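Notes follow once the structure below has been shown.
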Amino acid sequence: MTFPKSLAPALRSGAIAVIPTDTIYGIVTSALNKESVERIYTLKKRSPEKPCIILLHRAEQMGEFGVQEEYVEKVLSYKREDPTSFIVPIARTDLEYLDRGTNTLAFRIPERSDLHDLLAESGPLIAPSANTEGSAPATTIAEARAYFEDTAEYYIDGGTIVGAPSILIDIATGTRLR
């Protein structure tokens with residue numbers, strides 16, 4: 001699949017899109033745009049203390065979020081067979097809109113080439129599942145539209161996706177949380 005050329009710059013500018021990720025459909029926006037992050041929380045009716053996973057093009061980008069080099073190295077060295085997200089402590093205090101008071105963030109580097117290419121252009125994206133809080137994740141674009149109607153600027157159809165959320169590892173303790 002190929003994402004539209006206009007998607008990456010729109011996401012950088014704060015647009016919201018529903019896209020196929022490496023696991024399930026996600027509702028995404030720039031992790032660096034506080035207003036659009038808050039807009040996703042409102043659209044999803046997401047619990048305000050629940051952080052979102054951030055998709056990255058490469059692990060070294062975690063440093064921009066205040067992740068110490070030792071944790072970046074642990075993520076890089078971790079052997080994974082399935083999509084895996086890593087919770088890591090952060091040292092920045094100005095990212096509460098992302099960490100929601102936890103002083104940690106969860107990151108995933110997708111293997112899917114089209115998504116990887118999008119992230120190289122768009123920058124880091126928050127990527128919670130495409131559903132409202134407490135509802136089943138959308139498996140089709142039609143289901144996502146039923147949740148969000150015309151509130152997202154882009155709906156990218158990747159067919160039916162019946163996947164599972166990523167594995168979640170607390171990298172500081174090595175504990176698998178899901």
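Not measured: the values here are computed from a predicted model. Hydrogens, waters and symmetry mates are skipped; everything else that's a heavy atom, side chains included, is used.
A 4.5 Å side-chain heavy-atom check between E96 and K34 finds every atom pair outside the cut-off. Counting heavy atoms from C-beta on, the side chains of I40 and I16 come closer than 4.5 Å. A heavy-atom distance below 4.5 Å is not found between the side chains of L118 and D114. Looking only at side-chain heavy atoms (C-beta outward), Y147 and I27 stay at 4.5 Å or farther from each other. Annotation: side chain of T132 is not in contact with side chain of K44 (no heavy-atom distance under 4.5 Å). Counting heavy atoms from C-beta outward, E111 and D22 have side chains that stay 4.5 Å or more apart. L11 places a side-chain heavy atom less than 4.5 Å from the side chain of L125. Using a 4.5 Å cut-off on side-chain heavy atoms (C-beta onward), I169 and T175 make no contact.
Distance alone, capped at 3.5 Å, places no donor-acceptor pair between the S36 side chain and the A15 backbone. The backbone N or O of Y155 lies less than 3.5 Å from no partner atom in the side chain of R145, so there is not a single donor-acceptor pair. The main-chain N or O of R58 is found under 3.5 Å from a side-chain atom of Q61 such that the two form a donor-acceptor pair. Looking only at distances, a side-chain donor or acceptor of N131 sits under 3.5 Å from a matching main-chain atom of S135. Listed for the R178 side chain is no donor-acceptor partner under 3.5 Å among the backbone atoms of P165. Side chain of R46 to main chain of P51: a donor-acceptor pair is present (N/O by atom type, distance under 3.5 Å, no hydrogens or angles).
The only member of T160, I156, I141 that meets side chain to side chain contact (heavy atoms under 4.5 Å, CB included) when paired with Y25 is I141.
Counting only N and O atoms by type, the side chains of S47 and Y41 include no donor and acceptor under 3.5 Å apart. Under the 3.5 Å distance criterion, with hydrogens and angles disregarded, a donor-acceptor pair is assigned to the side chains of S166 and R108.
Looking at E133 and K50, a side-chain N of the basic residue comes within less than 4.0 Å of a carboxylate O on the acidic one, giving a salt bridge.
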Report task. Give the C-alpha distance, both sets of side-chain angles, the deciding distance and a yes or no for side-chain contact (heavy atoms from CB on, under 4.5 Å) between L105 and I54. Result -> CA-CA 8 Å; L105 290 172; I54 300 170; 4.1 Å; yes
Report task. Check the pair I19, Y154 against side-chain contact (heavy atoms from CB on, under 4.5 Å), reporting the backbone distance first and the verdict last. Result -> CA-CA 8 Å; I19 66 170; Y154 288 84; 5.9 Å; no
**Report entry** Test log, rule side-chain contact (heavy atoms from CB on, under 4.5 Å), inputs F107 and L55
**Finding:** CA-CA 6 Å; F107 297 99; L55 301 180; over 6 Å; no
Requested in this report: With side-chain contact (heavy atoms from CB on, under 4.5 Å) as the test, would you mind laying out the steps for T104 and I87 before giving the verdict?
Outcome: CA-CA 6 Å; T104 62; I87 297 173; 3.8 Å; yes
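L76 is connected to V88 through a chain of hydrophobic side-chain contacts under 4.5 Å among Ile, Leu, Val, Met, Phe, Trp and Tyr, so both are in one cluster. The cluster map of Ile, Leu, Val, Met, Phe, Trp and Tyr, joined by side-chain heavy atoms under 4.5 Å apart, puts L177 and Y78 in different clusters. A continuous path of hydrophobic side-chain contacts links L56 to Y97 [ILVMFWY only; heavy atoms under 4.5 Å].
Once rounded to the nearest 0.5 Å, the distance linking CD1 of I126 with CG of L32 reads 11.0 Å. Rounding to the nearest 0.5 Å gives a distance of 6.5 Å between CG of D82 and OG1 of T84. Between the CD atom of E60 and the CD atom of E73 there is a distance of 8.0 Å, given to the nearest 0.5 Å. Interatomic distance, OG1 of T102 versus CD1 of I90, reported as 6.5 Å (0.5 Å rounding). Atom CG of L115 is separated from atom NE2 of H57 by 11.0 Å, given to the nearest 0.5 angstrom. Atoms CD and OG1, on E153 and T29 in that order, are 8.0 Å from each other to the nearest 0.5 Å.
Of all non-hydrogen atoms in S85 and I53, the two that sit nearest each other are OG-CD1, 3.4 Å. In plain terms, the two heavy atoms of L168 and A106 that are nearest each other are CD1-CB, 4.4 Å. Summarising the geometry of G158 relative to M1, their closest heavy-atom pair is CA-SD, 4.3 Å, with the distance given to 0.1 Å. In terms of heavy atoms, T23 sits closest to P83 at CG2-CB, 3.5 Å. Smallest separation of non-hydrogen atoms from A59 and V72: O-CG1, 3.9 Å. Listed here is the closest heavy atom pair of A8 and E121: CB-CB, 3.5 Å.
With ring centers used as reference points, F86 lies 6.0 Å or more from Y71.
Shown here is D94, whose CG atom has more than 12 heavy atoms of other residues, nucleotides or ligands within 6.0 Å.
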